[in-house]
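Following: one structure in structure tokens, then a few remarks.
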Amino acid sequence: MGKSLNILVLNGPNLGLLGRRSPEIYGRRSLADVEAMLRQAAVELDCTVDCRQSDVEGELVGWIGAAMAVRDGLILNAGAYTHTSIALRDAIAGTGLPAVEVHISNIHAREEFRRVSMTAPVCIGQICGFGVDGYALALRALVGWLRSRA
Ligand code: CA2
């Protein structure tokens, strides 16, 4: 059996509103539902997940920095900071950890400004457009990526 992997899952600004507004874009499941789904997937994948949400860019940057050396990888939905934050990009690159970017909606099928991601170039991949199931897909992809390189 492989080493039990420890994955940090970060959600950015306004994602605490999931399930409460804009269900036509983001669906009806709450962030608590998403986190429960991830914990279940983590049991099946023999890994652990630590799920956190913040509306504050600096807090997200701090959590990413603190992940270095103590986590095996990151899953990140940086919300609107995706499109603006060089600080988050630098933090991900600085950890050297593999990161998977998740978006609930298909950011390429929405407004022009959402097509640009500051963070995707420093991630191993991006999953978008599959609703909140994208988080579980990201966990599978990240664990598979890590195990194939162990
Ligand atoms: O599709 C995604 O996951 C996004 O990261 C969500 C962000 C948006 O700014 C990105 O362009 C794409 C918005 C998160 C706000 O989430 C809400 C959820 C429910 C109700 C209102 C906002």
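Side chains included, hydrogens not; waters and symmetry mates left out as well; all remaining heavy atoms used.
Summarising the geometry, atom CG belonging to L139 is positioned 12.5 Å from atom CZ belonging to R39; distances are rounded to the nearest 0.5 Å. From L146, atom CG reaches atom CG of L45 across 11.0 Å, with rounding to the nearest 0.5 Å. Distance check: L97 CG to L142 CG gives 9.5 Å after rounding to the nearest 0.5 Å. Distance check, rounded to the nearest 0.5 Å: CD of E59 to CD of Q53 gives 9.0 Å. The line from NE2 of H108 to OG of S117 is 8.0 Å long, rounded to the nearest 0.5 Å. Rounded to the nearest 0.5 angstrom, L60 CG and N11 CG are separated by 9.0 Å.
Smallest separation of non-hydrogen atoms from A93 and V122: CB-CG1, 4.0 Å. Scanning both residues, L31 and G16, for their nearest heavy atoms gives CD2-CA, 4.2 Å. A78 and L88 make their closest contact through CB-CD1, 3.8 Å (heavy atoms, listed as atom of the first residue, atom of the second, distance). Taking each heavy atom of R110 and S105 in turn, the nearest pair found is NH1-OG, 2.9 Å. The two residues C51 and L38 make their nearest non-hydrogen contact at SG-CD1, 4.2 Å. Across all their heavy atoms, A138 and I75 have their closest contact at C-CD1, 3.9 Å.
There is no path of hydrophobic side-chain contacts, each under 4.5 Å, that joins I7 to L10. Both L74 and W63 sit in one connected hydrophobic cluster of ILVMFWY residues. Membership requires side-chain heavy atoms under 4.5 Å apart, directly or through other members. Hydrophobic cluster membership is shared by V61 and I92, with clusters built from Ile, Leu, Val, Met, Phe, Trp and Tyr side chains linked at under 4.5 angstrom. With hydrophobic clusters built from ILVMFWY side chains whose heavy atoms lie under 4.5 angstrom apart, L18 shares a cluster with V102. Criterion: ILVMFWY side-chain heavy atoms under 4.5 Å apart, direct or through other members. Under it, L15 and V34 are part of a common hydrophobic cluster.
Side-chain contact between R147 and L5 is present, with heavy atoms from C-beta onward closer than 4.5 Å. Contact annotation: the side chain of I104 approaches that of Y135 to within less than 4.5 Å [non-hydrogen atoms, C-beta and beyond]. Using a 4.5 Å cut-off on side-chain heavy atoms (C-beta onward), E44 and R140 make contact. C123 has its side chain out of reach of L76: every pair of non-hydrogen atoms, C-beta onward, lies at least 4.5 Å apart.
For D50, the side-chain hydrogen bond (donor to acceptor under 3.5 Å, both in side chains) test picks out R52, R71, with sequence neighbours left out.
Side-chain atoms of S22 do not come within 3.5 Å of backbone N or O of I25 as any donor-acceptor pair. Checking side-chain atoms of R149 against main-chain N and O of W145 turns up a donor-acceptor pair under 3.5 Å. Y26 places no side-chain N or O within donor-acceptor distance of the main-chain N or O of V132, the cut-off being under 3.5 Å. Remark: side-chain polar atoms of N6 are not paired, donor with acceptor, to backbone N or O of D72 under 3.5 angstrom.
T119 pairs in a side-chain hydrogen bond (donor to acceptor under 3.5 Å, both in side chains) with only one of the listed residues (E101, Q126, R89, H83), which is E101.
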(request) Please step through side-chain contact (heavy atoms from CB on, under 4.5 Å) for the pair Q40 and M37, ending with a clear verdict. (result) CA-CA 5 Å; Q40 180 59 45; M37 172 185 74; 5.7 Å; no

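If you chain together ILVMFWY residues whose side-chain heavy atoms come under 4.5 Å of each other, M118 ends up grouped with I86, V116.
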